[in-house]
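All chains are named by letter (A, B, ...) in the order of the sequence lines, taking the proteins before the strands, and each is independently numbered beginning at 1.
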Amino acid sequence: MVLELKNITKNFGGISALTDVSFQINEGEIFGLIGPNGAGKTTLFNVITNMFPPTSGEIRFLGEKISGLKPHKITDKGICRTFQNIRLFSQMSVLENVLVGGHCRSKSGVINSVLRTKSQRKEETNSLEAALELLELVGLSKFQDSIAENLAYGQQRRLEIARALASNPKLLLLDEPAAGMNETETESLFDLIKKVQKRGVTVLLIEHDMPFVMKLCDRITVLNFGKKLAEGTPAEIQNNQEVIEAYLGAEEDDEIA
Amino acid sequence: MLGDIINPYHLQIISFILINIILGISIYITLSSGQLSLGNAGFMGIGAYTSALLTINFDLPIFLGIILGAVVAGVFGILIGIPALRLSGVYLAIATLGFGEVIRVIFVNWESITQGSIGLSGIPHLGRELFKTFKLTGFDPDMLGLKNNQFIYLLVVLILLLVNILLVWFFIRQNKSRVGRAFAAIKMDEKAAESMGINITYYKVLSFTQGAILAGFAGALYAHVMAYISPADFAYHRAIDILIFSIFGGSELIWGAIFGATFMTILPEALRFISDYRYMIYGVILIAMMAFRPQGIIDVSLLKWFKKKLKLKRGGSLGIGTKKYN
Ligand SMILES: Nc1ncnc2c1ncn2[C@@H]1O[C@H](COP(=O)(O)OP(=O)(O)OP(=O)(O)O)[C@@H](O)[C@H]1O
Ligand SMILES: [Mg+2]
């Protein structure tokens, strides 16, 4: 088991964004997290990475309790994420973004960096090679020197994935990676996530594109108003009456709005 | 012949420029991790008073005094930098400005040690002390065709120049490394930086402290170049001056701080002949700057343009050595 959430509750003042959510993710899975807008999916990512602590509940990663650790420590343990509203280092080059992603896998400090010691130079070369390989993986090699904010939207999403992968995570959290992508882009994203899985990375993915999720994920959890509504294989989820109602309800709301 | 061209007044201005460049770098470093600190005049004062008092009262060699001045300022940097982590933007600026004022008031009121607002005089002069050592070895500036006075000021300039080169080298290398990338990441998006595994507490305190050390170092040098300091030297207008070095020159690059410090030190001197209007002109230049080039004179694209020109002049593809990922 890679990740285990036990009775996670998160309140913002009076709002209960998550109520008693529990589930487990197995090694090597692509695990989907779906639910209508405002269901608490992003909040769950923020709680896992401890951007803010859960009100109650416990999170275990590879058997070890990680709730309460600082976000950078959690990245160090092997969980890294992307953001729903892209948060690249917008003025840096594409390559530099990925190099920053490798921060916790290197250790040269001020003195080594200034003296450019042998170990520092070796580390830089390794980081550079790793970063170039990741850019190749996400198909951004020829943009390595472009400034991140000048990339097209879909490319920025891919760059976020490369940046997160640079930290060599065992668990990758993707928050709506297909948002704003066209059909071809979504298809190549599909292939990319499959490739990431083949590298031995477990994936937890939030996504609104249902055909995409159903095709890609091994198992899915559905959140609705902060509560877990259902869990199962794509086929089970598609035939779950409660899920259908939750989504139909949401769609009807949309039509009225 | 050398004696005819060397003008102590010019040398004095050059040493001010070189000290101001260190101050400019000090604020550039804190800004490079996204922290706007106006406490650098305070740290400068701490460095200046520490070194001045140690050398006057305990006959400490100047170079030791200067190092201790920088160290003490650095300790204060850590002490202020940690609580300052809770603040950002203008709040941090105001809190650090307040810190600077507190330090100044302490210098004014702790009369038994600091002589209050009268200030400390008789601080050993960097050039003169070195000159004494040179004399002991039997050296006479006459051998270079220089008067003693010229030689002393020349020594100061040379030492400061060496220090400047070392510092620029240090911070350029730091900037092109994992540490520099962490600073830049924090500046651009603190939350994202944290999510990418960067210990933002550590790097923010590091950059704040480096700024404090540099400001303290510059302050100590200032004390031994002026041979006289008073609390007024480290008042809030100094904090603003230091900020302007980097903002005017451009805060994205170390070259911005260097250019800003140089330009802003020369400008009032160059405008001396219209002394009544010089601060007005100074003000107009700043306003024009903020309106037309808010990122400062020197920015990344200007630097790129420069590099391109240089490459063209050298006849094309000589830029092999410039590693792209830097
Ligand atoms: N930092 C915060 N402070 C207060 N309320 C918050 C905060 N973050 C999220 N919320 C609230 O928690 C609820 C869940 O939000 P969340 O962003 O997790 O939804 P989501 O499932 O990711 O939705 P979407 O599909 O639109 O991204 C919402 O009501 C939101 O307003
Ligand atoms: Mg969301």
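Here B/F245 contributes atom CZ and B/S251 contributes atom OG; the two are 15.0 Å apart, rounded to the nearest 0.5 Å.
Under the 6.0 Å distance and 45° angle rule, A/R163 counts as a cation-pi partner of A/F89. Figure legend: cation-pi geometry between A/K10 and A/F12, with NZ or CZ positioned under 6.0 Å from the six-membered ring centre and within 45° of its axis.
Ring geometry, B/F259 versus B/F248: the interplanar angle falls under 30°, so the pair is classed parallel (tilted spans 30 to 60°). In this pair, B/F183 and B/Y203 present their aromatic rings perpendicular. The plane angle is above 60°, beyond the 30 to 60° band.
Both the backbone and the side chain of B/K191 come within contact range of chain A, judged by heavy atoms closer than 4.5 Å. Heavy atoms of B/E252 lying under 4.5 Å from chain A are absent altogether. Contacts between B/I172 and chain A at a heavy-atom distance below 4.5 Å are absent for every atom of the residue. Residue A/T49: no heavy atom, backbone or side chain, is found under 4.5 Å from chain B.
Ranked by heavy-atom pairs under 4.5 Å with chain A, the list B/A182, B/S177, B/G180, B/A185 is led by B/A185. Top candidate by heavy-atom pairs under 4.5 Å with chain B, chosen from A/S127, A/P71, A/G102, is A/P71.
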